[in-house]
Amino acid sequence: MGKKLISMTVNGQTHEVAVEPRQLLIHTLREELGLTGSHIGCETSHCGACTVDFNGESVKSCTLLAVQADGADILTVEGLANDGVLHPVQEGFTEKHGLQCGFCTPGMMIRAYRLLQENPNPSEEEIRTGISGNLCRCTGYQNIVRAVQYAAEKLSAE
Amino acid sequence: MATPAEEIKDPVDGIGCSRKRKEDARFIQGKGNYTDDLKLPGTVFGAFVRSPIAHGRVVSINKEPALAHPGVLAVLTAEDLAPLSLHWMPTLAGDKQMVLADGKVCFQQQEVAFVIAEDRYVAADAIELVEVEYEELPVIIDGRRAMDDDAPVIRDDLEGQTEGAHGERIHANHIFRWDVGDAEATDKAFDTAPITVSEDISYQRVHPCPLETCGCVSNFDKISGELTVYLTSQAPHVVRTVVSMLSGIAESKVHVIAPDIGGGFGNKVGVYPGYVCAIVGSIVLGRPVKWIESRVENLAATAFARDYHMHGEIAADENGRIQALRVNVLADHGAFDACADPSKFPAGLFSIVTGSYDIPSAFARVDGVYSNKAPGGVAYRCSFRVTEASYLIERMMDVLAHKLGVDPAEIRSRNFIKAEQFPYTSCLGWEYDSGDYHTAMNQALEAVDYEGLRKEQAEKRANGDLMGIGVAFFTEIVGAGPTKNCDILGIGMIDSCEIRVHPTGSVIARLGTKSQGQGHETTYAQIIATELGIPSDDIQIEEGDTATAPYGLGTYGSRSTPVGGAAAARAARKVKDKARKIAAAMMEVSPADLDWDTDRFIVKGLPDQSRTIKEIAMAAYQHLPEGLEQGLEAVEYYDPPNFTYPFGAYLCVVDIDRYTGEVKIRRFYALDDCGTRINPMIIEGQVHGGLTEALAIALGQELSFDEDGNILSASFMDYFLPTAVETPHWETDFTVTPSPHHPIGAKGVGESPNVGGVSAISNAVIDAFAHKGVTHLQMPHTAYSVWKTINELGINQ
Ligand code: FES
Ligand code: FES
């Protein structure tokens, strides 16, 4: 199948990649760019393990073709920390035990990162609704909520 | 509200500390190393052609069109595997299972052919090109119909075999009959008891559904003859043994590596056809073959759990003191008996069914049958068949309470095994190690103001509102297990730990278990830290690589802490024994003259004469007096003398919308006693997660099928996984009753919340209708099924 050249910015770096028109964005990220932090849990837009930040929105990258990302600005878990300093969301997840197996964690954190920009001071209910597109099988969400609250406090103090 | 966060200050961050997790650093930075992340040069991809029907003969398979497709390297069928005797494989339960359809298919989505291609998209294209012709046969979906006279025979390969792996087979679709207890004494008690109750209680077919599906990468080195398989396994050493047995490759040349695992919950214990096909593919092609399950495949084909149809009966006196328990179970095992139980226990540890109660006689019978559904029967976040058993007795306690008009909490207290009765031998033969049930129950009732809740419920009922209070008490049996009765494929269910102390005092420890999110890298280090006086941060834990870790049976059935954790403590004690000898030599005293204090040996009566473990470590690699060998390390293979018996008291309050049937968990309080608590933060996390899985099972999860055997719940559209919105706030609490036989008194906790949680939530939903005479409703309590009950009872009129 003929490949198409696309260009996208991922974690601040511009990449030119030749992709099959049918290739899913998650596969391009994981297999062409080697960014395996974003995961695949369902391929049907339900679990959110593949969530990336896409032009300022949380997007499930298993449900987007790579060609649709031509020109896009994407942030994945690998780009959350800044010069080796953890992002408050990352800090919150480890401080509050917001992860167990870690499989949902990259998608969950990328979602939390955007949620806190949409709503810097969310209530518990708003956090729960805000992350409801991301499934976690391990934590029961309680400590994820606390992790997001931790990050919210830390970010608003910055 | 009791959400304890005890903080212990400890110089080495050992047992009892809520130490932050060591493994988090890689996961929060996207640097986890899961199976699908692996990219070996030259990797090719495998995908299955699967059966669209639940039962039928395979008339023909034409793989030519697929083979002609560009990028396709091979198409394997049973015919190709037969010369290697790999078209079937043995199961852990003493049965065998088709790797690829051998003449017929017995469940929808069964593996029929394996296509290997240069890329995963090409493999997906090519499976559509394999032409398979089927001749449909009638199906059995409800296991309760499997032994009807006119039931179609599912396993033609067993025709005429009246003996199975566990004794007599009484029907072509019968697998085993397992009886336990004293039938005569039990019947006698029922004949004379003033009160008897009975109920049909089913535990629906569910799936553990970890967020990461199963998969592997197999790499065969033609030159060295070595096979390396990376796979999502909770039990990598067992997989190595199975692979060696199946392939004929010497076990020393088989290298199984379980990298990071995205949740297991029992789904990743067994050996699946995908592993076998990827291994054969890599041997044939000389290239690494990757096979990663899709979510549909995961839900439809690998490792279901439960599917137990139970009939429970209790005989009691007028005061509700139980005299006997009788249980009959029809266990639907699917098309092949691939249960992951210790070999001699075809119904797992179901005989824990007498629960937390002092019951004089009991009898249980379990009949396993085949049906046209996927094989499995794994312990989904529980010890083998313990959730089923616990659910049965906890439902029956409510049924008895209802009959007598006694409060459910009170009926339990009247029947509890008393603290002074431990160690307690149940009438079905288990020796419960320790417990204090009354204390736990009372603490729970007080914490939630149980009396107040019952008052509120009475008022609500007067207004026509539906409020339910679920009481559940559970006793688990975990940590399989003593080699005298527990083995898998003939290998005793030991686990192991090897500890090496380096000259500068840091440590590497390797274990035979395998974390799937439980935090072993953190908690095992805490055990060793306390034993050796070395800071946790200086202790590196490794698991999952069979080339380096000592042999162990893996992580499931809450066995990591009871068995692996015990091995860690005892290996550390061996190290410490040697350290004592070295310290004695260093200070020229006898080893018996030394006392241990936190991180050093001190000469008795001379507190300034001491050597720290760090100093001893260095000395261990220097000149030593005769009779002492250099090095400071030890290996322990631990054979537990008994199981451990964690327990807990759970209370759940639900409000039910009487127009929509929606169940809302208003409050859930969980008191767990897992003995010594290694890391309270991790324990609480385990409880939150287990309760959320319990909620899923009680209120929504079910692998359901239509009458033709089509699976109706093979995606997240149809299989319920709770989001943060449906999940309530969990309250956790604890008591501590150490296990007397475990080196540090710990019992294991990961699975307790699922065992107790399902009963508590289901009991709460049913309790909401108790005043209308309802004694039982089948799970899952979805809004629709609850609404149907409401409608039948006319509550919404
Ligand atoms: S993999 Fe994209 S939502 Fe599940
Ligand atoms: S931590 Fe395992 S799925 Fe969320």
Side-chain angles (χ1 to χ4, degrees), chain A residues 1 20 22-24 27 30-31 34-47 49 76-81 86-87 89-91 93-106 109 124-125 127-145, chain B residues 18 20-21 23-34 36-39 120-121 208-213 260-265 292 294-296 515-519 681-682 684-693 695-696 715-717 721-730 753:
Chain A
M1 215 171 282
E20 268 188 53
R22 64 174 178 173
Q23 188 170 70
L24 300 174
H27 286 140
R30 288 177 51 83
E31 283 166 28
L35 296 170
T36 53
S38 310
H39 299 136
I40 303 173
C42 70
E43 321 101 20
T44 52
S45 340
H46 291 98
C47 76
T76 70
V77 64
E78 288 91 344
L80 263 187
L86 293 182
H87 187 275
V89 167
Q90 292 170 302
E91 225 181 88
F93 269 72
T94 184
E95 279 300 315
K96 297 298 173 191
H97 188 27
L99 66 149
Q100 291 180 24
C101 78
F103 203 74
C104 70
T105 313
M109 290 193 309
E124 168 163 356
E125 213 182 312
I127 295 173
R128 286 182 180 270
T129 312
I131 60 167
S132 63
N134 293 67
L135 297 172
C136 174
R137 289 293 286 148
C138 301
T139 64
Y141 304 106
Q142 194 152 317
N143 289 340
I144 293 180
V145 170
Chain B
S18 284
K20 300 284 173 279
R21 296 205 326 167
E23 38 277 88
D24 289 359
R26 63 180 184 276
F27 294 135
I28 58 171
Q29 298 184 75
K31 296 294 176 205
N33 177 31
Y34 303 92
D36 196 19
D37 299 344
L38 199 75
K39 208 177 172 186
R120 63 174 92 214
Y121 286 72
C209 201
L211 203 56
E212 178 204 35
T213 59
D260 286 326
I261 297 186
F265 316 121
I292 302 290
S294 72
R295 178 57 61 189
V296 173
S515 181
Q516 311 122 44
Q518 294 92 333
M681 174 192 84
I682 286 182
E684 283 180 24
Q686 290 290 307
V687 174
H688 295 165
L691 291 174
T692 306
E693 293 191 341
L695 172 165
S715 82
F716 288 164
M717 276 290 271
L721 298 187
T723 72
V725 172
E726 294 91 34
T727 307
H729 177 85
W730 307 110

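Within every chain, numbering begins at 1; the chains are lettered A, B, ... in the order of the sequence lines, protein sequences first and strands thereafter.
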Check your understanding: How many angstroms lie between atom CG of Asp24(B) and atom CD of Glu91(A), to the nearest 0.5 angstrom?
Key -> 12.5 Å
Revision key, fill the gap. dist Thr692(B):OG1 -> Leu135(A):CG (nearest 0.5 Å) comes out at 12.0 Å
Practice item. Please determine which of Leu99(A), Val89(A), Leu80(A), Val77(A) meets the side-chain contact (heavy atoms from CB on, under 4.5 Å) test together with Ile28(B). Key: Leu99(A)
Review point. From Met717(B) CE over to Cys42(A) SG, what is the distance, rounded to the nearest 0.5 angstrom?
Key: 11.5 Å
Exercise for review: Mind running side chain to side chain contact (heavy atoms under 4.5 Å, CB included) on Asp36(B) and Arg30(A) for me, showing each step along the way?
Suggested key: CA-CA 9 Å; Asp36(B) 196 19; Arg30(A) 288 177 51 83; 3.6 Å; yes
Review point. Is there a donor-acceptor contact under 3.5 Å from the side chain of Lys31(B) to the main chain of Gly37(A)?
Key: no
Review point. Is chain A contacted by the side chain of Asp260(B), its backbone, both, or neither, given a heavy-atom distance below 4.5 Å?
Key: neither
Practice item. Would you please name every residue forming a side chain to side chain donor-acceptor pair (under 3.5 Å) with Thr36(A), sequence neighbours left out? Key: none
Exercise for review: For the pair Arg137(A) (side chain) and Glu693(B) (backbone), establish whether a donor and an acceptor sit closer than 3.5 Å, ignoring hydrogens and angles.
Suggested key: no
Check your understanding: For Gln142(A) and Glu684(B), does a side-chain donor sit closer than 3.5 Å to a side-chain acceptor?
Key -> no
Review point. Considering all heavy atoms of both residues, which atom of Asn143(A) and which atom of Gly685(B) are nearest to each other, and what is their separation?
Key: ND2-CA, 4.3 Å
Point to revise | Per-residue contact mode, Tyr141(A) against chain B (heavy atom under 4.5 angstrom) | key: side chain
Check your understanding: Where is the tightest heavy-atom contact between Phe27(B) and Gln100(A), given as atom of each residue plus distance?
Key -> CE1-O, 4.2 Å
Exercise for review: Compare every heavy atom of Ser132(A) with every heavy atom of Val725(B), then report the nearest pair and how far apart it is.
Suggested key: CG2-CB, 3.7 Å
Exercise for review: Indicate whether the side chain of Tyr121(B) and that of His27(A) have a donor and an acceptor atom separated by less than 3.5 Å.
Suggested key: yes
Exercise for review: Heavy-atom pairs under 4.5 Å with chain A are the metric here; pick the option from Glu726(B), Arg295(B), Lys39(B), Gln518(B) that has the most.
Suggested key: Arg295(B)
**Study point:** Closest approach of Phe265(B) to Cys138(A) (non-hydrogen atoms, all atoms of both residues)
**Key:** CZ-SG, 3.8 Å
Study note, to complete from the structure: Residue set satisfying side chain to side chain donor-acceptor pair (under 3.5 Å) with Tyr34(B), at least two apart, ordered chain then number -> none
Review point. Are Ser294(B) and Glu43(A) close enough that some pair of their side-chain heavy atoms sits under 4.5 Å apart?
Key: yes
Exercise for review: With rounding to the nearest 0.5 Å, note down the distance linking CD in Glu95(A) to NZ in Lys20(B).
Suggested key: 5.5 Å
Exercise for review: Sort out for me which of Pro210(B), Ser515(B), Gly690(B), Cys209(B) touches chain A most, counting heavy-atom pairs under 4.5 Å.
Suggested key: Cys209(B)
Point to revise | chain A contacts, top residue of Gln686(B), Arg120(B), Gln516(B), Arg26(B) (heavy-atom pairs, under 4.5 Å) | key: Arg120(B)
Exercise for review: Please flag which part of Leu86(A) lies under 4.5 Å from any non-hydrogen atom of chain B: side chain, backbone, both or neither.
Suggested key: side chain
Exercise for review: Enter the distance from Cys47(A):SG to Leu721(B):CG here, rounded to the nearest 0.5 Å.
Suggested key: 9.0 Å
Practice item. Against chain B, label Glu125(A) side chain, backbone, both or neither, depending on which of its atoms sit under 4.5 Å from a heavy atom there. Key: neither
Point to revise | Least distance between heavy atoms, Gly263(B) atom then Cys101(A) atom | key: N-CB, 3.4 Å
Check your understanding: Top residue by heavy-atom pair count (under 4.5 Å) with chain A, among Gly262(B), Pro208(B), Gly517(B)?
Key -> Gly517(B)
Point to revise | side chain to side chain contact (heavy atoms under 4.5 Å, CB included) between Glu212(B) and Ile40(A), worked out | key: CA-CA 7 Å; Glu212(B) 178 204 35; Ile40(A) 303 173; over 6 Å; no
Check your understanding: So do His688(B) and Thr139(A) actually touch side chain to side chain, heavy atoms under 4.5 Å?
Key -> no
Check your understanding: How long is the span from the NE2 atom in His97(A) to the CD1 atom in Ile682(B), to the nearest 0.5 Å?
Key -> 5.0 Å
